[in-house]
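A, B, ... follow the sequence lines: proteins, then strands. Residue 1 opens every chain. Computation of the quantities below employed the complete heavy-atom set of this structure, encompassing side-chain atoms and omitting hydrogens, waters and symmetry-equivalent molecules.
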There are 2 protein chains.
Amino acid sequence: MLISTRGRYGLRSLVDLVINAGDNPIPLREIAERQGISESYLEQVFAILRKAGLITAVRGSYGGYTLARPASEITIKEILSALEGSLVPVDCVTNEQNSQCRRKNSCITHSFWKELDVKISELLSSTTLQDLVNKNENRL
Amino acid sequence: MLISTRGRYGLRSLVDLVINAGDNPIPLREIAERQGISESYLEQVFAILRKAGLITAVRGSYGGYTLARPASEITIKEILSALEGSLVPVDCVTNEQNSQCRRKNSCITHSFWKELDVKISELLSSTTLQDLVNKNENRL
DNA sequence: TATTAATCCTACTATTTTACTCGGTTTAGA
DNA sequence: TCTAAACCGAGTAAAATAGTAGGATTAATA
């Protein structure tokens with residue numbers, strides 16, 4: 001599995017956030033209710049998104065969350081990378097030094113994994129949060 | 001991570017099997033040595049590949065493994081599907097009844113996951129084991 | 001026929017990841 | 001001051017991962 005519940009919950013919740021956005025920030029409780037996700041689990045997901053600079057929090061009563069940037073400027077890749085840590089299909093194609101495989105240059109399969117990684121990255125980085133919302137609106 | 005060591009070991013070992021194929025079946029010990037993989041772990045990997053009908057075993061002394069079909073007729077998707085069980089990026093796009101999500105039709109993100117799944121499938125099913133071997137030979 | 005080298009099979013295990021829950025602290029509007 | 005929100009850290013049960021271990025079966029060969 002490339003994407004865990006953390007990534008799926010996060011993406012669904014951000015789409016929810018865009019669709020239900022108004023003048024005020026949206027409390028997590030509402031998103032959790034609408035999406036049928038445990039609020040305390042979603043808290044942790046949103047903490048990651050906030051630290052990644054994708055959402056902004058307003059604390060205190062009548063607080064909640066808003067997107068830090070327009071939905072059209074946030075790619076799915078940014079969202080999922082933050083939540084999943086890494087999106088590489090196999091460890092050996094990561095850029096991190098310590099997990100790069102020693103066989104990298106001689107490994108026959110390495111270039112194939114790289115090719116797969118590029119294909120996945122292309123789709124994820126060419127799709128924005130707004131694209132997802134639009135796609136949904138067209139369906140209605 | 002989409003692909004675990006089981007999938008990576010399996011694919012690398014099959015490439016090894018093709019490259020080193022001769023008149024006789026190749027014993028697992030040799031592959032494990034060349035690839036630097038624990039032989040007893042690789043046993044389990046090869047058991048899966050055999051049950052999936054991708055390789056044929058010859059038991060007893062001077063035994064070993066051969067491909068069940070020509071490398072050009074075995075896709076990477078077949079290999080990895082067997083080893084990983086499923087290759088879907090998220091559970092909700094699987095065809096199995098019990099893990100299909102209830103929100104399937106209303107879920108905004110579902111069609112995106114499906115799109116990702118198709119992209120990955122396209123590459124994996126259009127590449128054969130022979131393609132990987134050829135790619136390597138061209139590099140030399 | 002005994003030896004040997006291979007596949008085959010089952011069970012166990014340590015570690016890591018996942019998907020949470022829980023209890024409390026801080027913040028800020030009414 | 002009350003309340004509703006974000007924030008924080010610790011704990012935890014279950015599953016997946018990546019193996020190890022020990023033996024049973026099979027078949028070629030000396």
Side-chain angles (χ1 to χ4, degrees), chain A residues 1-13 17 23-33 35-52 54-68 80 83-87 89-92 98-99 101, chain B residues 1-10 12-13 17 23-33 35-52 54-66 68 80 83-88 90-92 98-99 101:
Chain A
M1 197 72 44
L2 186 64
I3 312 293
S4 66
T5 58
R6 210 164 44 240
R8 281 184 285 131
Y9 286 180
L11 188 56
R12 262 168 62 198
S13 298
L17 187 60
D23 294 334
N24 301 315
I26 297 178
L28 200 57
R29 183 184 42 74
E30 288 182 15
I31 299 176
E33 256 172 37
Q35 297 296 324
I37 298 170
S38 145
E39 186 182 344
S40 47
Y41 187 47
L42 205 53
E43 262 182 20
Q44 294 172 27
V45 173
F46 270 58
I48 297 172
L49 295 171
R50 180 175 50 80
K51 283 165 192 164
L54 298 174
I55 54 176
T56 308
V58 177
R59 300 189 66 172
S61 191
Y62 286 76
Y65 293 96
T66 51
L67 284 188
L80 295 179
L83 293 171
E84 300 291 336
S86 163
L87 283 173
V90 297
D91 257 338
C92 64
N98 58 347
S99 45
C101 79
Chain B
M1 198 70 47
L2 186 65
I3 313 292
S4 66
T5 57
R6 211 165 40 243
R8 281 185 284 130
Y9 287 180
R12 261 169 61 199
S13 298
L17 187 60
D23 293 336
N24 301 315
I26 297 177
L28 201 57
R29 183 183 42 75
E30 288 182 15
I31 299 177
E33 255 172 38
Q35 297 297 324
I37 299 170
S38 146
E39 186 182 344
S40 48
Y41 187 44
L42 206 53
E43 263 182 19
Q44 294 172 31
V45 173
F46 269 59
I48 297 173
L49 294 171
R50 181 176 48 81
K51 283 165 192 163
L54 298 174
I55 55 176
T56 308
V58 177
R59 300 188 66 173
S61 191
Y62 286 75
Y65 294 95
T66 50
L80 295 179
L83 293 171
E84 300 291 334
S86 164
L87 283 174
V88 291
V90 297
D91 257 337
C92 63
N98 58 347
S99 45
C101 79

Walking DNA chain D from its 5' end, the first of B/Ser38 and B/Glu84 to be reached, judged by nearest nucleotide, is B/Glu84

Out of D/dC7, D/dA27, D/dG19, minimum distance to the side chain of A/Ala57 belongs to D/dC7

Students should find that the nucleotides of DNA chain C closing off the region near chain A, any atom under 4.0 angstrom from a heavy atom, are C/dT18 to C/dA30

Sequence neighbours excluded, the answer for side chain to side chain contact (heavy atoms under 4.5 Å, CB included) partners of B/Thr56 is B/Thr66, B/Ala68

Closest non-hydrogen contact found for B/Ile26 with B/Ile31 is CG2-CG1, 3.9 Å

Could you tell me whether a side-chain N or O of A/Glu84 sits under 3.5 Å from a main-chain N or O of A/Ser4, the two making a donor and an acceptor?
-> yes

Within the side chain of A/Arg12, is there an N or O that forms a donor-acceptor pair under 3.5 Å with the backbone of A/Gln35? yes

*D/dT20 base / B/Gln44 side chain donor-acceptor hit below 3.5 Å*: yes

Measuring to OP1 and OP2 of [N], would you say a side-chain N or O of [X] lies under 4.0 angstrom away?
| X | N | answer |
| --- | --- | --- |
| A/Arg50 | D/dC8 | yes |
| B/Ser40 | D/dT20 | yes |
| A/Arg29 | D/dA5 | yes |
| A/Tyr65 | D/dA5 | no |

